[in-house]
Amino acid sequence: MKQFQRIKTALAVLLTVLLLASLAVLPASAAANTPAFSELKNSTGNLLAVSKYGNTRDYPEQSIDAILSAAEQGADIIYVRVRKTSDNYIVLMADENLSRMCVDSLGNIANKNISEIGYHELSAYHLRKSTGSLHEPITESTIPTLQEALQKLEGKALLLIDGAWDFRDDVYNLLTEQNALNTAIILSRGDKKETTKWLASKSTMPLVIASYHGNIVFNAKSTVSKTLAGGAVGVMLSTGNAYGMNFKNSVMSKFGENGRAVIDMTDPALCGKRKDNAEGWNDVTARGYSVIITDNIPELLEYFDRVHKQKDRLNETIVEAQKVDVTLCSTSSSKALKDAITSAKAMMSAPASEQSLTEANYELRTALNGLTNRTEDEGKTVTTGRIVAVVLVVLALILLEVILESVRRNKLKKRKKALHDKRVREEQNAKKED
């Protein structure tokens, strides 16, 4: 019996060890949902910063070092572009041709196409620093696979995967195998029908951001409405027109609580010729975009920090304003405060720009300082009741004047008649005396 108990205990220990070992070898992306995942799913949550190709100031674009560095800088999402090798490896590379970014072991330009070579050959090439070309030095970095990027990133940030739509099922299967469906986003380059149909075909829905490039209001509105309803977490809108429909409320109002509005600020042809700086970010966030793709992660995060501070200030002013007793305040000033509080609360419940938050705080402060007592504006405030009272008084005065004029005319008429009658009598008496 004791021997059986020992065997049972040993088996329990062995099972525990095996369980812990299996957890240890799981990809780090199998961890619980990251803060970036939760924010992305919360369409009215905080602004999200997307680093395009990683930290390309210090490392080769899309290299493991660039991706990890961008995550350490604070990027919520890393935008990468993928391609397939001739032996079906999915690798991170923006261009089909390697000449801009890669050299061989001898330092010669690798003038080859990714789709025409296998990964074994591809992995021997080295990346140039930053965005490549001849003036950039050669580094020790090599082209990573998508699987390697997911494993190295360990869920510290989400990956936004572009270029994979033509082989989306391969990417989906890889994400499923790596338990990374919650740590990677597939950027759809298909139309709204193709995107929603593919999403509906999946038993476990991946994170997908749809896309629309153009300036036709119906197409933009339809893409946003249908893809978000079909399960997409956001839509990336792009146009080279600074005054395009993608920046109008008729399109942006379709997002709200339904999903995220995404914009790429790294190319003027994609963001209506706006600049990838605080001025441009202020403009697009004021219009409702809440996921910003940038080449300037440190500066964008500084801008986000200013936005958060302005939100905190506005929230403090709202709390202060709500404590004010407006019972003895004038109707007009208390209404102005109520309207300002409502507007400020709406600003707090959705992503907003630094400027719009500052303006909302100023308007609320102005309404607070503009409160007046009822006695202070008596006789000064023009209200509907006072206008009616004045009109009635004027009408009464006019009517009184009409009545008095009528009385005066009647009296004059009687006086004239009395004088006439008196003359007639006098003439008659004079005739009798004659």
Side-chain angles (χ1 to χ4, degrees), residues 29 37 40 48 50-54 61-62 67 77-97 113-116 119 122 143-150 153 157-178 180-214 216 219-220 222-239 246 259-264 266-267 269-271 291 293:
S29 54
F37 171 86
L40 180 66
L48 293 175
V50 184
S51 173
K52 192 162 189 177
Y53 302 154
E61 67 177 29
Q62 303 208 103
I67 291 171
I77 303 170
I78 316 294
Y79 175 108
V80 296
R81 183 178 290 275
V82 298
R83 297 184 182 275
K84 284 184 81 173
T85 63
S86 62
D87 50 355
N88 291 321
Y89 277 80
I90 301 173
V91 297
L92 273 55
M93 180 57 66
D95 305 336
E96 166 65 9
N97 189 274
N113 293 330
I114 292 178
S115 60
E116 297 171 356
Y119 182 69
L122 188 69
I143 300 173
T145 64
L146 177 58
Q147 179 175 336
E148 182 185 1
L150 289 167
L153 191 55
L158 303 179
L159 275 185
L160 174 56
I161 306 168
D162 193 7
W165 190 246
D166 289 341
F167 46 93
R168 52 191 176 276
D169 284 321
D170 293 334
V171 172
Y172 177 84
N173 292 336
L174 173 62
L175 297 180
T176 302
E177 292 167 5
Q178 293 294 307
L181 288 175
N182 287 350
T183 59
I185 313 158
I186 298 174
L187 182 59
S188 166
R189 292 298 184 177
D191 60 26
K192 54 182 179 285
K193 184 176 180 181
E194 187 177 55
T195 301
T196 54
K197 183 179 179 180
W198 185 72
L199 278 168
S201 71
K202 301 304 174 186
S203 56
T204 302
M205 192 173 289
L207 296 174
V208 168
I209 289 178
S211 62
Y212 171 75
H213 179 79
I216 300 175
N219 289 345
S222 179
T223 297
V224 173
S225 298
K226 292 187 180 301
T227 56
L228 293 183
V233 295
V235 181
M236 185 168 76
L237 299 176
S238 57
T239 179
N246 295 349
R260 294 279 193 163
V262 185
I263 190 166
D264 188 340
T266 66
D267 185 346
L270 301 178
C271 58
V291 180
I293 302 173

| task | May I have the step-by-step check of side chain to side chain contact (heavy atoms under 4.5 Å, CB included) for Tyr212 and Thr239, ending in yes or no? | result | CA-CA 9 Å; Tyr212 171 75; Thr239 179; over 6 Å; no
| said: Nearest 0.5 angstrom please: Lys193 NZ to Thr227 OG1, how far? | reply: 15.5 Å
| query | What are the two closest heavy atoms between Ile293 and Met236, and how far apart are they? | reply | CD1-SD, 3.7 Å
| Close side-chain approach of Gln147 and Tyr89, heavy atoms under 4.5 Å | no
| said: Are the side chains of Leu175 and Tyr172 in contact, using a 4.5 Å heavy-atom criterion? | reply: no
| task | Check side chain to side chain donor-acceptor pair (under 3.5 Å) between Thr266 and all other residues, then give those that pass, not counting sequence neighbours. | result | Lys52, Asp264
| task | Answer whether the closest heavy-atom distance between the side chains of Thr176 and Leu181 falls below 4.5 Å. | result | yes
| query | Side chains of Leu159 and Leu146: closer than 4.5 Å at any heavy-atom pair? | reply | yes
| message | My understanding is that only residues two or more places apart in sequence, or in another chain, count here; which of them pass side chain to side chain donor-acceptor pair (under 3.5 Å) with Lys84? | response | Asn88, Asp170
| field | Point-to-point distance, once rounded to the nearest 0.5 Å, from CG of Leu187 to CZ of Arg81 | value | 8.5 Å
| message | Using side-chain heavy atoms (C-beta onward) and a distance below 4.5 Å, is Leu160 in contact with Val291? | response | no
| task | Show your reasoning for whether side chain to side chain contact (heavy atoms under 4.5 Å, CB included) applies to Leu237 and Val224. | result | CA-CA 9 Å; Leu237 299 176; Val224 173; 4.2 Å; yes
Check: residues 197-208 side-chain donor-acceptor pairs under 3.5 Å, at least two apart:
residue: Trp198; atom: NE1; partner: Asp169; partner atom: OD1; Å: 2.9
residue: Ser201; atom: OG; partner: Trp198; partner atom: O; Å: 2.6
residue: Lys202; atom: NZ; partner: Asp169; partner atom: OD1; Å: 2.8

| Considering all heavy atoms, the nearest Val233-Leu228 contact | C-CD2, 4.1 Å
| task | To the nearest 0.5 angstrom, please state how far the OH atom of Tyr79 sits from the CD1 atom of Ile185. | result | 12.0 Å
| note | The salt bridge (charged side-chain N to carboxylate O under 4.0 Å, His left out) partners of Asp267 (sequence neighbours excluded) come to none
| remark: One should read off an interatomic distance between Met93 CE and Tyr53 OH, to the nearest 0.5 angstrom, of 10.5 Å
| note | For Leu92 and Ile143, the nearest pair of non-hydrogen atoms, with its separation, is O-CG2, 3.4 Å
| With Asn113, which residues qualify under side chain to side chain donor-acceptor pair (under 3.5 Å), at least two apart? | Asn97, Glu116
| task | Spell out, as yes or no, whether a donor-acceptor pair under 3.5 Å connects the side chain of Ser211 to the backbone of Ser188. | result | yes
| field | Shortest non-hydrogen contact from Lys192 toward Ser222 | value | CE-OG, 2.9 Å
| task | Kindly give the heavy-atom pair with the smallest separation between Asn182 and Leu158, and that separation in Å. | result | O-CD2, 3.5 Å
| note | Sequence neighbours excluded, the answer for side chain to side chain donor-acceptor pair (under 3.5 Å) partners of Ser115 is Glu96
| Arg189 vs Asp166, salt bridge (charged side-chain N to carboxylate O under 4.0 Å, His left out): CA-CA, chis, key distance, verdict | CA-CA 9 Å; Arg189 292 298 184 177; Asp166 289 341; over 6 Å; no
| request: Give a yes or no on whether the backbone of Asp95 and the side-chain of Arg83 come within a donor-acceptor separation of less than 3.5 Å. | output: yes
| query | Closest approach of Gly190 and Thr195, non-hydrogen atoms and distance? | reply | O-OG1, 3.5 Å
| request: To the nearest 0.5 Å, tell me how far His213 NE2 sits from Asn246 CG. | output: 9.0 Å
| message | Quick check for you: to the nearest 0.5 Å, what is the distance between Leu40 atom CG and Ile209 atom CD1? | response | 5.5 Å
